[in-house]
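The block underneath contains the structure these notes are about, expressed in structure tokens.
Basis for what follows: all heavy atoms, side chains included, without hydrogens, waters or symmetry-related copies. Order of appearance sets the numbers: ligands from 1, and atoms from 1 within every ligand.
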Amino acid sequence: MTVKIGIPRGLWFYDYFPLWKTFYEELGAEVIISSPTNKQILDLGTKNTVDEACLPVKIFHGHVLNLKDKVDYIFVPKVMSVYEKEYICPKFCGLPEMVRNSIPNLPPFIDIEINFNKSRKGLKRTIYKFGSYVTKNPIKIFRAYDKALKAYEDYKEKVRYGHLPLDGHINEVLRQKRIKIPGEMKIAVLGHSYNVFDNYGSMNLINKLMENKIDVVVPEMLDMNEINKFADQLPKKMFWSFGRKLLGSAMYLADRKDIDGIIFLSSFGCGIDSIIEDLSERRARRDAEIPYLLITIDEHTGEAGVNTRLEAFLDMIEWRKRNESDLSAHGQPICWH
Ligand code: SF4
């Protein structure tokens, strides 16, 4: 009988889903992905999570519930670290326990630990453990992993060149134009992939920008070496992978100065964001005079309020471009010529 594996469309999903989907499909499993986030998923997640959790974790709980009665296993790995000497957020580390304790009667989890701080031998063992839910044949498992890795590299390359995986639709990833037309606005959206690419959770932010004919840049399109180079300039090593990526991106963009504005999309209740959004703002506004908008979303955020702030921000940038150099984004006096 075919094993059915459910993958929740939340958290690490937007970074890694081609890897895990290809892996399990190559092994012969049927992979079922939860529906794109909607009101029901958000409400269910909010009702079944502890109040202190951040919005993406609440949404993740909703996605698990969406899969509950449809699959044999739910894929909820314990993600400790995806880069050496770095860590993911503590909420990722305890995610399987948190979900299991919040929602009763769930199917078994595939909750193997992912920890790149362990040896390469440990990594091989981890891959085998993931595959063993479908087959005990190591040759099949490592062959499937090689194919999955290739699918993952292809996906990353696509996103790098402007294919935005909104709601994670890999077969119809949106390709936005990458040639900048003179006078056209170019806005960077900084945020965790699960905030930025989730249409419902982000209040459709990326689509709204693209409808306004804005060229959108996300951290996944930037050169990771450059991001790391700038992050390394910090006086103390940023060992949270998400924080390092977002702050390094803000610093890199501030240095390039070819961006018209930065929007930081943050989740209420995220400890890492509360530090990074402030440091990014200082780099963008104070050091590089780049207009900066912080949008913090929680389960009560109304779309109308986000629209108003977004429109005002875009109008301000338009105005600033028309009256070049007359308006400072960081509080200096306005000077009329
Ligand atoms: S990094 Fe922030 S938004 Fe992401 S899971 Fe952790 S607390 Fe939540």
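Using a 4.5 Å cut-off on side-chain heavy atoms (C-beta onward), P36 and N199 make no contact.
Of all protein atoms, those of element N, O or S that lie under 2.8 Å from atom 6 (Fe) of ligand 1 number 1.
No more than 12 heavy atoms of other residues, nucleotides or ligands lie within 6.0 Å of NZ in K150, so this atom counts as exposed by the packing criterion.
Of the residues K245, K156, K158, the one that meets the side chain to side chain donor-acceptor pair (under 3.5 Å) test with E220 is K245.
Under a 4.0 Å N-O distance rule, the pair E303/K208 qualifies as a salt bridge.
Side-chain rings of W20 and F130 approach one another, their centers coming within less than 6.0 Å.
Here the heavy atom of the protein found nearest to atom 4 (Fe) of ligand 1 is Y194 OH, 2.2 Å.
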Worked verdict on I74 versus D111 for side chain to side chain contact (heavy atoms under 4.5 Å, CB included): CA-CA 8 Å; I74 302 185; D111 56 357; over 6 Å; no
